[in-house]
Amino acid sequence: MDAGPSSASAPYEQELQLERIFHSLSQGFQKLDKLSEAKQQAALKDLTAQMQEAKTLIREFEREARTDGMPASDLNFRKKAYVQELNGFIGLKKAYAGGAAARAELLDGAKSESEQLAGKGTQELMQLGRRDIKETDASLLRSEKIVNDTMAIGIQTAETLQSQTKQLEKVIDDLDEIHFTMKKARQVLRDMTRSLMTDKLIMALILLVVLGIIAIIVLNILKVKGVSLPGNRRRLLWEPPEAGGW
């Protein structure tokens with residue numbers, strides 16, 4: 001175990017005992033795999049007792065260290081290290097105990113089945129074997145049917161996906177065509193707008209020309225009829241008299 005920030009202070013008696021217990025636990029778990037089932041159970045009980053003792057020592061160490069005024073950081077570091085190491089051994093103990101329970105359950109089940117088979121006659125064993133074979137065949141047929149159904153569903157799903165992919169591609173093509181058509185329509189509208197403006201200008205010029213022609217015609221008509229315009233009359237008033245007029 002790493003000494004950490006508490007390396008400057010002397011270890012307590014509980015800490016020394018914890019080191020010895022942890023070393024013993026490590027050695028004990030290393031030897032478990034080499035023991036028989038019965039000896040493993042006895043060894044696990046002994047290891048459990050040592051872990052319980054270690055738990056008690058950790059509490060005593062914490063109480064005594066607080067009384068001595070050990071800094072909280074040092075106390076928490078040491079306690080955390082001991083608790084983590086103890087939890088590791090507790091996890092090993094649970095793993096071994098669970099494995100032993102599972103092995104015992106399997107052995108009990110096998111023993112019970114063997115006892116049941118031992119009490120049956122040859123005819124009964126043959127019938128039992130045929131029944132097991134039929135059940136196995138039925139199970140295989142069900143499994144085969146499930147596999148075939150799964151494959152059929154997979155094929156149908158793949159075909160559906162392929163059809164949907166084609167539909168999506170067609171939709172994309174249609175959208176591209178619509179975009180192109182709208183672009184052409186905007187261009188045609190711009191051309192038509194420019195054409196309309198040009199037509200309006202031409203109409204305005206034609207109108208001006210027509211108005212000018214009408215004005216010239218009107219002036220000529222007035223001149224033929226001897227009607228003088230106000231501007232011409234004023235000009236005639238200033239003209240000198242003809243010779244012999246007096």
Side-chain angles (χ1 to χ4, degrees), residues 2 26 29-30 32-33 37 40-41 44 48 51 76-77 80-81 83-120 122-207:
D2 187 10
S26 178
F29 279 109
Q30 290 178 7
L32 272 181
D33 293 331
E37 188 71 26
Q40 277 189 5
Q41 295 298 324
L44 282 175
T48 302
M51 285 185 281
N76 291 333
F77 181 84
K80 182 179 179 181
V83 170
Q84 287 179 347
E85 194 164 358
L86 178 60
N87 287 338
F89 289 120
I90 292 174
L92 286 174
K93 182 253 182 183
K94 290 181 179 179
Y96 275 101
R103 288 193 297 271
E105 185 178 356
L106 289 174
L107 290 174
D108 291 341
K111 183 178 179 181
S112 175
E113 186 175 355
S114 299
E115 290 176 353
Q116 291 177 0
L117 292 176
K120 296 181 180 295
T122 304
Q123 189 68 24
E124 292 179 348
L125 289 175
M126 292 178 64
Q127 292 178 355
L128 181 62
R130 293 192 188 97
R131 187 185 64 187
D132 291 340
I133 291 173
K134 289 181 180 180
E135 291 178 354
T136 303
D137 291 340
S139 177
L140 289 174
L141 290 174
R142 287 194 298 271
S143 300
E144 185 179 1
K145 184 177 182 301
I146 292 172
V147 171
N148 292 332
D149 292 342
T150 304
M151 290 178 63
I153 293 172
I155 293 172
Q156 184 178 0
T157 303
E159 292 176 351
T160 303
L161 289 174
Q162 186 177 4
S163 175
Q164 291 178 352
T165 302
K166 291 181 179 179
Q167 291 178 359
L168 288 174
E169 290 176 352
K170 186 177 182 302
V171 169
I172 293 172
D173 293 338
D174 293 341
L175 289 174
D176 291 339
E177 183 68 24
I178 292 172
H179 178 72
F180 178 75
T181 303
M182 291 179 66
K183 185 177 179 180
K184 294 293 290 183
R186 285 195 295 267
Q187 185 176 356
V188 171
L189 286 174
R190 285 195 298 267
D191 294 341
M192 290 177 64
T193 303
R194 287 195 293 266
S195 178
L196 287 174
M197 293 297 296
T198 304
D199 293 343
K200 287 181 180 180
L201 291 174
I202 294 173
M203 291 295 294
L205 291 174
I206 293 173
L207 180 61

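Numbers here simply count residues along the sequence, with the first being 1.
Atom-to-atom distance recorded for T160:OG1 and I153:CD1 is 11.5 Å, nearest 0.5 angstrom. Within the model, atoms OG1 of T157 and CD of Q164 stand 10.0 Å from one another, a figure rounded to the nearest 0.5 Å. The structure places CG of L201 at 11.5 Å from CE of M203, a figure rounded to the nearest 0.5 Å. To the nearest 0.5 Å, atom CD of residue Q41 and atom CG of residue L32 are 9.5 Å apart. Taking CG from L168 and CG from D173, the interatomic distance works out to 11.0 Å, rounded to the nearest 0.5 Å. Taking CD1 of I90 as the reference point, atom CG of L86 lies at 4.0 Å (rounded to 0.5 Å).
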N/O donor to acceptor pairs below 3.5 angstrom from side-chain atoms of residues 180-188, sequence neighbours left out:
from, atom 1, to, atom 2, distance (Å)
T181, OG1, E177, O, 2.8

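Counting only residues at least two apart or in different chains, salt bridge (charged side-chain N to carboxylate O under 4.0 Å, His left out) contacts with residues 192-207 comprise D191-R194. Residues in residues 154-164 take part in no salt bridge (charged side-chain N to carboxylate O under 4.0 Å, His left out) pair, two or more places apart or across chains. Sorted by first and then second residue, the salt bridge (charged side-chain N to carboxylate O under 4.0 Å, His left out) pairs with a member in residues 143-154 read K145-D149; sequence neighbours excluded.
Counted within 6.0 Å of CD on E135, heavy atoms from surrounding residues, nucleotides or ligands total more than 12; the atom is thus considered enclosed.
Panel note: side chain T193, backbone L189; a donor-acceptor pair is recorded below 3.5 Å.
In this view, L92 and F29, F89 satisfy the side chain to side chain contact (heavy atoms under 4.5 Å, CB included) rule, not counting sequence neighbours. Residues meeting the side chain to side chain donor-acceptor pair (under 3.5 Å) test with D174, sequence neighbours left out: K170.
What you find for T48 and K93 is that their closest heavy atoms are OG1-CE, 3.2 Å.
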